[in-house]
Amino acid sequence: MELRPYQQEAKDKIFEEWEKGVNRTLLVLPTGCGKTIVFAKVTEDCVRNGNRVLILAHRGELLEQAADKIGKATGLGCATEKAEQSCLGSWFRVTVGSVQTLMREKRLRQFPADYFNTIIIDEAHHCISDSYQKVLKHFPDAQVLGVTATPDRGDMRNLGEVFESLAYEYTLPKAIKEGYLSPIKALTIPLKLDISGVGMSAGDFKVGDLGTALDPYLYQIADEMVKYCMDRKTVVFLPLVKTSQKFRDILNERGFQAAEVNGESRDRAEILEAFDRGTYNVLCNSMLLTEGWDCPSVDCVIVLRPTKVRSLYSQMVGRGTRLHPGKDHLLLLDFLWHTERHELCHPASLICDNEEVAQKMTENLEEAAGCPVDLEEAEHQAAEDVVAQREEALAKQLEEMRKRKKKLVDPLQFEMSIQAEDLSGYVPAFGWEMAPPSEKQKKELEKRGILPDEIDNAGKASMLLDRLHKRQEAGLSTPKQIRCLEKYGFIHVGSWSFDAAKNMIDRIAAAGWRGAPRGIDPNTYIPEG
């Protein structure tokens, strides 16, 4: 099986990390981008090198899928470590293992600490839990790959505590742009659902409280679905089984062909097959279908289980992002959830890395309530709005800075001038990045003209120094040149060359530092070349 370009790049980056001595690394691929195929091919190379590989997951369906994909993609057979099944004594070099089984002390003791050379964790956003940690600690020298669609968790304990690096990330916007996933249109429904009284548990909303809070709105939500979903294949996620069953009945009253599945459904496979072939056009479930289920023809997703966990939200929406003949986009219905907490996931959570842009995008989508908006276009507009707001704030800040002489350049001024959104929106992920800047970093930043006081972590300091070094190599303007010329009203000096900036400063100096040279308008001036 030939890998797609991004899958091949991901595989190469994983082995590069391991070869560098980074034993625990992450792979982030959006739902529908073939993460199982990537780790199947990684497994194949590991076995070729003589290694034993453990594929670790928390659900039986994921283990079965992994074994099936590994068999089809590589021809390798898999042993199973689950319940009464054991891989000990098997001649297969690959084991698919249940974390619930392996975490047991009696089970773990049967394995030498060096039994598995490589451990691959599927749906790695779960691996912060004690059960996974117990297994990983038993095999301390194994090379570990975590695979996930979104690298975070509801209890806010960062995956950076478990993994040392991010080997490769393929983003949802890139996957859509390159034609591997369906475009998404978000539609905000102007129906206000009050969940401000819902309690919290394990870092997310309590599902019991959510069911009670949602109940009064089910008929109104069904009426809204009549307007937008009658000719679509829709999956609805709800907080409780009884809520899911009630909503199925309401939808059938409204003329939909709705079905419901839950963990106790004996005819679950038959219902899913019937939905797949079109017997039903709506499928209600209470969190059953978040992982390990694929139906590419789904072209509408409704999340009626509000969450602040980005990985969970991405998993739900991911049920509809796969490509399918005749499907030109996925419609994602969002509601005006009224909550006192601002961490609630919205469509912006799927596409925005920067929290400021995400908030602005959510505001814009709410203003456009009732009209479907392409997610990428919405993100682009929100980013432009945020930049405009920042520039307005920066203009005020620069006005204040002009009133007092400053030897060093404020990092924000530098970032805005060189239009470095990756710097201004940077959030540290791994342990070393979160540490305060080192004295060496501070001294180097000062030497290069940047005020280090506003930089509160080593990751940001490292990124800034790397950018400064690259700009120096490229012959671009320095922070001090930027500060000097922007003081005289010149704009976007960050895009000037070092020589162009030096030439203008020399001309200003020759005129006695009284202002821009005669005949030059600083607001419109662009240096030649």
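Small disclaimer: the values here were computed from a predicted structure and weren't measured. Just so you know, these numbers use all the heavy atoms, side chains as well, and skip hydrogens, waters and symmetry mates.
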Is K134 salt-bridged to D130, cutoff N-O under 4.0 Å? no
Scan side-chain atoms only and decide if N262 and E260 contain a donor-acceptor pair under the 3.5 Å cut-off. yes
Classify the angle between the aromatic ring planes of Y170 and Y6 as parallel (below 30°), tilted (30 to 60°) or perpendicular (above 60°). parallel
Go through it in stages, so that I can follow the logic: the residues are E356 and K360, the test is side-chain contact (heavy atoms from CB on, under 4.5 Å), and I'd like the CA-CA distance, side-chain angles, deciding distance and then a yes or no. CA-CA 6 Å; E356 201 178 351; K360 184 61 182 171; over 6 Å; no
Tell me whether T321 contacts the main-chain N or O of G318 through its side chain, where contact means a donor paired with an acceptor under 3.5 Å. yes
Looking at H380, I'd like to know if its NE2 atom is crowded, meaning that more than 12 non-hydrogen atoms belonging to other residues, nucleotides or ligands lie closer than 6.0 Å. no
Will you find, in the side chains of S424 and R390, an N or O donor that is under 3.5 Å from an N or O acceptor? yes
Does the side chain of H324 pick up a donor-acceptor pair with the side chain of S297 at under 3.5 Å? no
Any salt bridge linking R59 with D122? Criterion: basic side-chain nitrogen under 4.0 Å from a carboxylate oxygen. no
Is the closest basic N to carboxylate O distance between D68 and K72 below 4.0 Å? yes
Output yes when a side-chain donor or acceptor of T101 lies under 3.5 Å from a complementary backbone atom of A83, and no otherwise. yes
Are K35 and E123 close enough for a salt bridge, meaning some N to O gap below 4.0 Å? yes
Using the six-membered ring wherever Trp is involved, compare the ring planes of W18 and F15 and label them parallel, tilted or perpendicular (cut-offs 30° and 60°). perpendicular
